[in-house]
Amino acid sequence: MPDRPDGTPLGIFGGTFDPVHFGHLRLAEEAIEALDLAGVRWIPAGQPALREPPQVAAGQRLAMVRLAIADNSRFSVDAAEIEAARPSFTVPTLQRLRRADQCGRQRPLVLLLGADAFAALSGWHRWQSLFALAHLAVAHRPGFPIEVDRLPPALAESYRERHCADPALLAAVPAGRIVTFAMTQLAISATRIRALLAQGGSVRYLLPEAVIAHIRKENLYREQ
Ligand code: ATP
């Protein structure tokens with residue numbers, strides 16, 4: 001079990017992962033180092049609530065995440081959302097993680113997001129409830145500068161209220177703070193990978209070889 005059972009903050013990383021790529025993997029790896037996390041729990045979304053349905057079946061996205069993280073003992077996967085045949089929302093997911101048989105109420109949880117996802121946060125269902133359940137850690141992403149003055153006003157206000165410069169403060173309380181962290185900038189997106197695969201282009205070095213092998217074996221992301 002990679003998650004340390006103590007009160008060390010645990011990273012929570014949700015996404016469509018359609019497919020998982022090195023941008024995701026570096027984000028999770030660098031978050032552990034930058035924020036001193038015990039580990040990262042990956043939570044692939046079932047049917048994402050706010051976007052187009054993923055291109056491949058839930059089971060395939062889960063299989064690819066499992067392959068991608070298999071050799072990292074600090075990563076684990078939570079398959080509950082992807083196995084549920086309903087839209088995934090982050091607040092109920094975090095409420096589930098807060099149950100006593102999961103992480104409990106006291107352990108700091110740190111929701112990891114790329115800057116693009118953060119900028120869209122105020123469109124999420126019950127987004128203001130997130131802060132009672134987890135901290136937010138926003139990773140820099142090429143093309144999505146974190147410009148507080150350009151955020152929707154309610155989100156900018158939450159950011160100003162909750163932002164702290166020192167990630168060590170995440171360990172002090174279970175939830176409610178926002179930090180940003182710089183990661184190796186990788187302009188990789190699942191959208192681009194899907195387009196390359198549909199055209200028969202090379203995706204080497206954008207995602208793990210084991211995931212590419214799985215995509216080839218299962219004939220995924222081919223032009224319809
Ligand atoms: P798509 O292109 O299909 O929208 P994506 O590559 O953005 O997919 P998601 O599964 O939607 O991948 O992303 C999950 C999380 O990872 C989001 O918080 C997103 O901001 C973040 N993320 C994805 N790629 C990167 C990247 N290259 N750098 C930083 N963050 C990233």
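Keep in mind it's a predicted model, so treat the numbers as computed, not measured. Counting starts at 1 for both ligands and their atoms, following the listed order. Note that these values count all heavy atoms, side chains included, but never hydrogens, waters or copies made by symmetry.
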Same cluster or not: I32 versus L169, using hydrophobic residues (I, L, V, M, F, W, Y) connected whenever any side-chain heavy atoms lie under 4.5 Å apart? no
Is atom CD of E161 surrounded by more than 12 heavy atoms (other residues, nucleotides or ligands) closer than 6.0 Å? yes
Considering only heavy atoms of G15, which atoms of ligand 1 have at least one such atom less than 4.0 Å away? 10 (O), 14 (C)
Filtering Q55, M183, R141 for the heavy atom nearest atom 25 (C) of ligand 1 leaves R141
With heavy atoms of L113 as the reference, note each atom of ligand 1 found under 4.0 Å away. 18 (O)
Check for me, please, whether V173 and L10 land in the same ILVMFWY cluster - side-chain distances under 4.5 Å, paths through other members count. no
Going by distance alone, is a donor N or O of one side chain under 3.5 Å from an acceptor N or O of the other, for E29 and N72? yes
Of all the non-hydrogen atoms in the protein, which one sits nearest to atom 4 (O) of ligand 1, and at what distance? R51 NH1, 3.2 Å
Where's the contact between T191 and ligand 1, heavy-atom distance under 4.0 Å: side chain, backbone, both or neither? both
Other residues, nucleotides, ligands: >12 heavy atoms within 6.0 Å of R160 CZ: yes
Please work out whether any backbone atom (N, CA, C, O) or any side-chain heavy atom from C-beta onward of R26 is under 4.0 Å from ligand 1, and answer side chain, backbone, both or neither. neither
Can we call the ring centroids of W42 and F17 under 6.0 Å apart? yes
Looking only at distances, please establish whether an N/O atom of ligand 1 is found under 3.5 Å from an N/O atom of F17. yes
For ligand 1, which is the ligand I care about here, please tell me if I188 has any N or O atom under 3.5 Å from one of the ligand's N or O atoms. yes
For ligand 1, does A190 get within less than 4.0 Å through its side chain, its backbone, both, or neither, judged by non-hydrogen atoms? both
Per-atom contacts, ligand 1 versus S189 - under 4.0 Å to a heavy atom: 2 (O), 6 (O)
If we number the atoms of ligand 1 from 1 as shown, the ones under 4.0 Å from a heavy atom of F13 are 15 (C), 16 (O)
If we only count N/O pairs under 3.5 Å, is H24 in contact with ligand 1? yes
Quick one: does G114 get an N or O within less than 3.5 Å of an N or O on ligand 1? yes
Shortest non-hydrogen contact between R61 and P54, atoms and distance: NE-CB, 3.4 Å
Part of Q185 within contact of ligand 1 (heavy atoms, under 4.0 Å): neither
Between E33 and R74 (salt bridge meaning N to carboxylate O under 4.0 Å), is one present in this structure? yes
Looking at T16, which atoms of ligand 1 are within less than 4.0 Å of one of its heavy atoms? 10 (O)
At the 4.0 Å heavy-atom cut-off, does F22 count as touching ligand 1? no
Looking only at protein heavy atoms, which one is nearest to atom 30 (N) of ligand 1, and what is the separation? L27 CD1, 3.4 Å
Can you tell me if G14 contacts ligand 1 (heavy atom of the residue under 4.0 Å from the ligand)? yes
List the steps, then state whether ring pair (Phe, Tyr, Trp, His ring centres under 6.0 Å) holds for H140 with F181. CA-CA 6 Å; H140 296 188; F181 67 102; 7.7 Å; no
Can you list the ligand 1 atoms lying under 4.0 Å from a non-hydrogen atom of R194? 3 (O)
Taking only heavy atoms of D116, which atoms of ligand 1 are found under 4.0 Å from at least one of them? 19 (C), 20 (O)
Report yes or no: does R192 have a heavy atom closer than 4.0 Å to ligand 1? no
Residues in ring-ring contact (aromatic ring centres under 6.0 Å, His included) with H214, at least two apart? none
Please check if L111 and F144 belong to a single hydrophobic cluster, counting links between Ile, Leu, Val, Met, Phe, Trp and Tyr side chain heavy atoms closer than 4.5 Å. no
Those residues that, when tested against Q128, pass side-chain hydrogen bond (donor to acceptor under 3.5 Å, both in side chains) (two or more places apart): none
